Amino acid sequence: MSSDPKTHLADLLRSALNVVAPDASSTEILIERPKQASHGDFASNLAMQLARSLKANPREIAQKLLAALPASSLVTKTEIAGAGFINFTLSAAARTGVISDVLALGRDFGRSTGGNGNKVVLEFVSANPTGPLHVGHGRQAALGDALAALFDWQGYEVTREFYYNDAGVQIQNLALSVQARLQGLKPGDAGWPEAAYNGEYIQDIATDFLAGKSVQPADGASVTASGDIADLDAIRQFAVAYLRNEQDIDLQKFDVKFDVFYLESSLYSEGKVDDTVRRLIDSGKTFESEGALWLRTSEYGDDKDRVMRKSDGSYTYFVPDVAYHVAKWQRGFKRAINIQGSDHHSTVTRVRAGLQAVGMGIPQGYPEYVLHNMVKVMRGGEEVKISKRAGSYVTVRDLIEWVGRDAVRFFLVSRRPDSEFVFDIDLALSKSEDNPVYYVQYAHARICSVLRQWGGSLESLAEADLSLLTSPHELALCAQLRDFSVAIEDAASDYAPHGIAFYLKELAAGFHGWYNAERLLVDDVALKQSRLALAMAVRQTLANGLTLLGVSAPESM
RNA sequence: GCGCUCGUAGCUCAGUGGAUAGAGUAUUGGCCUCCGAAGCCAAGGGUCGCUGGUUCGAUUCCAGCCGGGCGCGCCA
């Protein structure tokens, strides 16, 4: 018998189904938590699903299923309701058992092994080193890191990857921008390059370059500025290292760590681009026209064919993109998940088309994409567009300085990725009831405070008599704790970390409600122990959920 | 124009082929001689954009329309 009530109920229904309708024994059995407490702890719509194939009234089918249902000590009541729902009420022991699980598993409560150690790579941020990280990158960092954590907790072997272009046209523009600053030019001056970056940070780079400073980005060797204004190559190398280092500092402040920094230039230097082009040509899916080499992406769902190699001999961006994903496949990642802004959605079809055309047996849906919408930052009722540093957009650094890392991370993962995001600075700053970060953290700190005042040993709580927990608040809290692993599973499979944020808000609400309704530190020692055990389990679950989102769980605040 | 996407309470947003569509905020009214009031309880607030279709059942799936966002380059 499974210790998890939900799978246990599914087992019971399955065996009843085999008796009542052997022909339909493959019907999927769905067990859900009803929204209303009066509908029991779990409900199944199995009878309604069977209604058509059995050509019978759902309520009659439900009757037969219940008659054939094996007895179970975990179930105290079954009921047919509504159009044919079967509602189950669990025994008190089955409900409170989760507390023992949480206390025993501790920081691992919520982890599962469903991923079987399969390798998955999540690529996110992937900002080219041409400027500071902006709010959109922040959303990606928060989303990607949380998703990576969710997959880790689901038992996958996760790689967090940052891909960037260190040698293309944009980098050349960066070098030219710095050089122009070194020559004393400013944006708008005669002679200021057309495609130049206009932000103030370009001046900072120029100043450090002249001063002969050194920088050491996380993924590369230390670079010392030559100070030679004429040496564009030296300027480029220094500027790239400088900005990579700046991005590293921001990511560190954001508490996001990458396992791999992948350079686009390596795809060329290691022959991966040439290899991919050769495979595409060999596939017969290419053709020459107007001096360029094209790929028939329209055969794979694209609305028109795309140029691979321009008439000047250089490749369009999507060729290295395809080569990069071929490399991911070859590195053994059966799953690759890319978190990108929705303004890149047109690349999805193209990259997948290229991967089909290379004929290496890569699945059609490879890689998977999580596209997110843009972020609008509001302050004082107005949209904030200007950053002193970047010149035209709000940076991750700005946000962290304004409201702190926890609030930024929690806010940025608390919406569906494809929603347009309004980040209200005033709301994130408010240290009161309208700030969901503090609401969740407060519940955690409050529990810590109670446990401190009690002063007993936390280990002893595992011995508590859980049968003393009988109030609706307490049993509802237990059900919420049991939902944690489902919340993680759903959030991972739907690419929806915001589910965890909502789960945490609800769990905190459940705790606050209980706390106000009942006293934890009562005189009755056994009752006190049992309540503290529940509180401890809530604390642990809050902490685990906050960890998934990269938010701290303070013991006091 | 074409493609993708979104449209749910005054505002910011969840959610679902199923039972009375939820939360926060805002508004109104209560709760600290007691574990943290950064908290709790309660009330009011809805044509789930519109119109059709599929279904026993649609806010959810499909089509069309209206409205917002994004994309539509031999840029990335």
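So that the names make sense, note that chain A is the first sequence line, chain B the second, and so on, each numbered from 1. Everything numeric in this text was worked out from a predicted model, so none of it was measured.
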Practice item. Please measure how far the P atom in B:C4 lies from the corresponding atom in B:A43, and state the result in whole Å. Key: 44 Å
Review point. To the nearest Å, how far apart are A:Arg33 CZ and B:A19 C1'?
Key: 16 Å
Study note, to complete from the structure: Between A:Thr470 and A:Leu475, the two heavy atoms sitting closest are O-CD1, 3.6 Å
Exercise for review: Check the distance between B:U25's P and A:Tyr438's OH and give it to me in whole angstrom.
Suggested key: 16 Å
Check your understanding: If we take the C1' atom in both B:A58 and B:C50, what is their distance in whole Å?
Key -> 15 Å
Exercise for review: Would you indicate whether the side-chain heavy atoms of A:Pro497 and A:Leu143 approach each other to under 4.5 Å?
Suggested key: yes
Point to revise | Approximate separation, where rounding is to 0.5 Å, of A:Glu474 CD and A:Leu466 CG | key: 10.5 Å
Check your understanding: What integer distance in Å separates A:Asp494:CG from B:U16:C1'?
Key -> 12 Å
Review point. To the nearest angstrom, how far is A:Trp294 atom CH2 from B:C74 atom P?
Key: 6 Å
Review point. Can you find a side chain N or O atom of A:Lys505 that sits less than 4.0 Å from OP1 or OP2 on B:C13?
Key: no
Exercise for review: Considering only atom P, compute the distance from B:G10 to B:C6 and round it to an integer number of Å.
Suggested key: 23 Å
Exercise for review: Give the dot-bracket string for RNA chain B, reading 5' to 3', where a pair is Watson-Crick or G-U wobble with both distances under 3.5 Å, ( ) marks pairs inside the strand, [ ] marks pairs crossing earlier ones, | marks a partner on another strand, and . marks unpaired.
Suggested key: (((((((..((((....[...)))).(((((.......))))).....(((((..]....))))))))))))....
**Study point:** pair A:Ile337-A:Glu123: side-chain heavy atoms closer than 4.5 Å
**Key:** no
Practice item. Look at all strands and tell whether A:Glu506 reaches a base, only sugar-phosphate, or nothing, counting heavy atoms closer than 4.0 Å. Key: nothing
Review point. Going by the side-chain hydrogen bond (donor to acceptor under 3.5 Å, both in side chains) test, which pairs reach into residues 292-307 of chain A, not counting sequence neighbours?
Key: A:Lys285-A:Glu299, A:Thr297-A:Asp302, A:Ser298-A:Asp305, A:Asp302-A:Arg306, A:Asp303-A:Arg306
Practice item. Go through the side-chain N and O atoms of A:Asn128 and A:Thr130 and say whether any donor and acceptor fall under 3.5 Å apart. Key: no
**Study point:** A:His39 aromatic ring stacked with six-membered ring of B:A19, 5.5 Å and 30°
**Key:** yes
Point to revise | Phosphate contact (B:C35 OP1 or OP2) by A:Arg531 side-chain N/O below 4.0 Å | key: no
Check your understanding: Does A:Tyr439 lie flat on the base of B:A38, that is, centres under 5.5 Å apart and planes under 30° off?
Key -> no
Exercise for review: Ignoring hydrogens and angles, state whether a donor on the side chain of A:Asn338 or A:Glu368 is under 3.5 Å from an acceptor on the partner side chain.
Suggested key: no
Review point. Base, sugar-phosphate, or nothing: which does A:Thr316 touch, judged by heavy atoms less than 4.0 Å apart?
Key: sugar-phosphate
**Study point:** Out of B:U5, B:C13, B:A37, whichever nucleotide has its closest atom nearest the side chain of A:Arg415
**Key:** B:C13
Revision key, fill the gap. A:Lys304 atom NZ is separated from B:G71 atom C1', nearest whole Å, by 11 Å
Exercise for review: Please check if any side-chain donor atom of A:Asp406 sits under 3.5 Å from a side-chain acceptor atom of A:Ser552, or the reverse.
Suggested key: yes
**Study point:** B:C13 to B:G57 separation - P atoms, rounded to the nearest Å
**Key:** 35 Å
Review point. With a non-hydrogen cut-off below 4.0 angstrom, is A:Ala43 in contact with a base, only sugar-phosphate, or nothing?
Key: base
Review point. What is the nucleic acid contact for A:Ala517, judged by heavy atoms within less than 4.0 Å: base, sugar-phosphate only, or nothing?
Key: nothing
Exercise for review: Would you classify A:Ser342 as touching base, sugar-phosphate or nothing, given that sugar-phosphate means primed atoms plus P, OP1 and OP2, and contacts are heavy atoms under 4.0 Å?
Suggested key: sugar-phosphate
Point to revise | Syn or anti for B:C48 (syn when the glycosidic angle lies within 90° of 0) | key: anti
Check your understanding: Are the aromatic ring centres of A:Phe124 and A:Phe162 under 6.0 angstrom apart?
Key -> no
Exercise for review: Assess the pair A:Tyr442 and A:His512: is the distance between their ring centroids shorter than 6.0 Å?
Suggested key: yes
Review point. With no angle test and no hydrogens, is the base of B:G3 tied to the side chain of A:His345 by a donor-acceptor pair under 3.5 Å?
Key: yes
Review point. Counting any heavy atom closer than 4.0 Å, what does A:Asn45 reach on the DNA or RNA strands: base, sugar-phosphate only, or nothing?
Key: base
Point to revise | A:His498 vs B:G15: side-chain N/O to OP1/OP2 distance below 4.0 Å | key: yes
Practice item. Return the value, rounded to whole Å, for the distance between atom CG of A:Asp302 and atom C1' of B:C4. Key: 13 Å
**Study point:** A:Ser419 vs B:A14: side-chain N/O to OP1/OP2 distance below 4.0 Å
**Key:** yes
Point to revise | Minimum heavy-atom distance A:Arg244-A:Phe261, with the two atoms named | key: NH2-CE2, 2.9 Å
Review point. Could you state the CD-C1' distance from A:Glu420 to B:G67, rounded to the nearest angstrom?
Key: 12 Å
Review point. Can we call the ring centroids of A:His345 and A:Tyr369 under 6.0 Å apart?
Key: no
**Study point:** Side-chain N or O of A:Arg416 closer than 4.0 Å to phosphate OP1/OP2 of B:U5
**Key:** no
Exercise for review: Quote, to the nearest angstrom, the P distance that separates B:G64 from B:A26.
Suggested key: 42 Å
Check your understanding: Starting at CD of A:Gln340 and ending at P of B:A76, how long is that distance when rounded to a whole Å?
Key -> 15 Å
Point to revise | Separation between the P atoms of B:C2 and B:U60, rounded to whole Å | key: 24 Å
Check your understanding: Below 4.0 angstrom from OP1 or OP2 of B:C56, is there any side-chain N or O of A:Gln49?
Key -> no
Exercise for review: Do nucleotides 58-64 of chain B as a string where each nucleotide becomes B, S or -: B if the base has a protein heavy atom under 4.0 Å, S if just the sugar-phosphate does, - if no protein is that close.
Suggested key: -------
Check your understanding: Across the strands shown, which category fits A:Phe85 at heavy-atom distances under 4.0 angstrom: base, sugar-phosphate, nothing?
Key -> base
Point to revise | Donor on one side chain, acceptor on other, A:Glu518 and A:His473, under 3.5 Å | key: no
Review point. Using a cut-off of 4.0 Å on non-hydrogen atoms, how would the nucleic acid contact of A:Met48 be classed: base, sugar-phosphate, or nothing?
Key: base
Practice item. Considering only atom P, compute the distance from B:G73 to B:G67 and round it to an integer number of Å. Key: 24 Å
Exercise for review: Would you mind classifying the nucleic acid contact of A:Asp490 as base, sugar-phosphate or nothing, using non-hydrogen atoms under 4.0 angstrom?
Suggested key: nothing
Review point. P atom, B:A9 versus B:A21: distance in rounded Å?
Key: 15 Å
Review point. Is the distance from OP1 or OP2 of B:G71 to the nearest side-chain N or O of A:Ser346 less than 4.0 Å?
Key: no
